[in-house]
Protein chains: 2
Amino acid sequence: MPARPYHHGNLRSALLARAEQTVRERGTQALSLRELAREIGVSHGAPRRHFNDRQALLDALAEDGFVRLGRALDEAVRDAGPGCTPQLQALAHTYVAFATQHAALLELMYAGKHREGAEHVYAAAEQAFAVSLTVISEAQQSGELVPGDPEPLAQVSLATLHGLAAMANGGMLDGEDLQVVVTDAMEMLLSGLRRR
Amino acid sequence: MPARPYHHGNLRSALLARAEQTVRERGTQALSLRELAREIGVSHGAPRRHFNDRQALLDALAEDGFVRLGRALDEAVRDAGPGCTPQLQALAHTYVAFATQHAALLELMYAGKHREGAEHVYAAAEQAFAVSLTVISEAQQSGELVPGDPEPLAQVSLATLHGLAAMANGGMLDGEDLQVVVTDAMEMLLSGLRRR
DNA sequence: CCCGGAATGTAGTCACTGCCTACAATGCTG
DNA sequence: CAGCATTGTAGGCAGTGACTACATTCCGGG
């Protein structure tokens, strides 16, 4: 019996996990299918059984990223207790934390060049961001926020957070300032929409 | 006398121009030094005289992008006439237009993995965004906006615009909606800061 | 004017990559 | 247990970035 069986068993998961690590440590550009296979200990052609090409792997990585981001956001809101302001602030800081800790992965998620697997990615993204709409809607119903379509506010908020994270990742915004800028930005966006 | 002289004359400019076109049409990933050289009609090693490696070319492309963006923003403010609101709205729509028309280039500009050439890129970025600080400061001195440090407002505004553009480029925000969302977002950010 | 070094472009090589195909080992289901 | 779909292997191909040695051209000081 060989040290490693002919069939890996869960190559797909192993590929995704190792790929995520490589992307985080050395960037998307540095991800090579052959090197990946080598590290895991399979032949250079094996990944092809699970991902038709490199882009398919990247798409899967992006989708998985949205799933994990969604879980993190859900958890943050759950732990934040009641109240629209603390919930949205928790959402904001959780998003930015994820974005800065998984900079390359996030770039991958937003890279508009997914292919036929794109629907999966978009669906995962929508699912991840659903919680922000929920929080805003509930705040409107409870009278904390003025009524209106929650979609634009959610979009603008997420865009702001994404932009701030992108600037921090690009080195154009100091990492220490980020926390306070995020708090202030959310406050700016909410200040005009509170019911008083 | 050969059709093409031994020395190209301005290979560096030609490389940058052609590279910018390729990046715009087929994405950063598709940019190949050898193909570039082939298209311009020089040997595959010639680009190395002007860019030590692929990343150096990409950095130069990013820097040039910031220069052009800066010019566009300056021009937009100049053409917008007096008044803080129209100037900032013009700034906003110009930025988003650039970001969506040069999506791949913008990704390059914000990609945080520039190297020793990074100072050039950062300097170009700062120069490009300087006009937004100017507009805000002048509005504060003329009494249109409440006084305070203009930096955070400028940062948050640009982050919001960048985020909205990223979402549009990623297909998560309809291109038609973009215009009105941008206008609304700027209005949200300014609404709390006007002196009345 | 010319001559020698600096700048620029050429040609060849190397290790590597992604993608493809033919084939082998294995797992699973009737 | 037979046969088939799944999964992994092995080899090949064209293309790439980086490196080197070498050729051509440009330019400034004698």
Side-chain angles (χ1 to χ4, degrees), chain A residues 1-23 25-62 104 108 111 113-118, chain B residues 1-23 25-62 104 108 111 113-118:
Chain A
M1 180 175 276
R4 248 178 285 96
Y6 188 90
H7 283 85
H8 179 283
N10 53 352
L11 222 203
R12 199 191 134 96
S13 312
L15 288 169
L16 280 175
R18 198 76 171 86
E20 203 277 334
Q21 180 184 349
T22 300
V23 165
E25 291 173 357
R26 290 159 47 207
T28 304
Q29 184 86 18
L31 183 67
S32 145
L33 291 179
R34 289 175 102 108
E35 183 184 5
L36 199 55
R38 232 177 291 135
E39 289 169 344
I40 293 184
V42 294
S43 75
H44 67 261
R48 189 171 164 68
R49 292 291 167 202
H50 302 276
F51 304 100
N52 263 334
D53 56 16
R54 202 183 109 106
Q55 188 57 46
L57 207 190
L58 297 181
D59 285 359
L61 231 44
L108 219 49
K113 39 186 302 220
H114 309 297
R115 289 176 327 201
E116 75 280 3
Chain B
M1 182 175 275
R4 248 178 286 97
Y6 188 89
H7 283 83
H8 179 282
N10 53 350
L11 223 203
R12 199 192 134 95
S13 311
L15 287 169
L16 281 175
R18 198 76 172 85
E20 203 277 333
Q21 180 184 349
T22 300
V23 164
E25 291 173 358
R26 291 159 45 206
T28 304
Q29 184 86 19
L31 183 67
S32 145
L33 291 179
R34 290 177 101 107
E35 184 183 4
L36 200 55
R38 232 177 291 133
E39 289 168 344
I40 293 185
V42 294
S43 73
H44 67 262
R48 189 172 164 68
R49 292 292 168 201
H50 302 276
F51 304 101
N52 263 333
D53 56 17
R54 203 183 109 105
Q55 187 58 45
L57 207 190
L58 297 182
D59 285 358
L61 232 44
L108 219 50
K113 41 182 322 221
H114 309 297
R115 290 176 326 202
E116 76 280 0

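Per chain, numbering begins at 1; letters A, B, ... match sequence-line order.
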Answer yes or no: is there a side-chain heavy-atom contact under 4.5 Å between B/E35 and B/R18?
no
For DNA chain C, which residues in residues 43-52 of chain B have a heavy atom at a distance below 4.0 Å?
B/S43, B/H44, B/G45, B/A46, B/R49, B/H50
Nearest-angstrom distance from the residue atom CG of A/D53 to P of D/dG15:
18 Å
Side chain to side chain contact (heavy atoms under 4.5 Å, CB included) involving A/D53 - partner list, sequence neighbours excluded:
A/Q55, A/A56, A/R115
Looking for any heavy atom pair under 4.0 Å, which part of the strands does B/L31 touch: base, sugar-phosphate only, or nothing?
sugar-phosphate
Side chains of B/L58 and B/L31 in contact at under 4.5 Å (non-hydrogen atoms):
yes
Quick one: label B/R38 by what it contacts on the DNA or RNA (base, sugar-phosphate, nothing), any heavy atom closer than 4.0 Å.
sugar-phosphate
Cut-off 3.5 Å, no hydrogens considered: what does the side-chain donor-acceptor table look like for residues 37-51 of chain A, sequence neighbours left out?
unit_1: A/R48; atom_1: NH1; unit_2: A/N52; atom_2: O; d: 2.9

Does C/dC16 have OP1 or OP2 under 4.0 Å away from a side-chain N or O of A/S32?
no
Would you kindly give the CG-to-C1' distance between A/L36 and C/dC16, to the nearest whole Å?
15 Å
For residues B/D59 and B/L108, determine if any side-chain heavy atom of one lies less than 4.5 Å from a side-chain heavy atom of the other.
no
Can you give me the closest heavy-atom contact between A/E20 and A/L61, atom names plus distance?
N-CD1, 4.1 Å
May I ask you to say what B/R54 touches in the nucleic acid, namely base, sugar-phosphate or nothing, with a heavy-atom cut-off under 4.0 Å?
sugar-phosphate
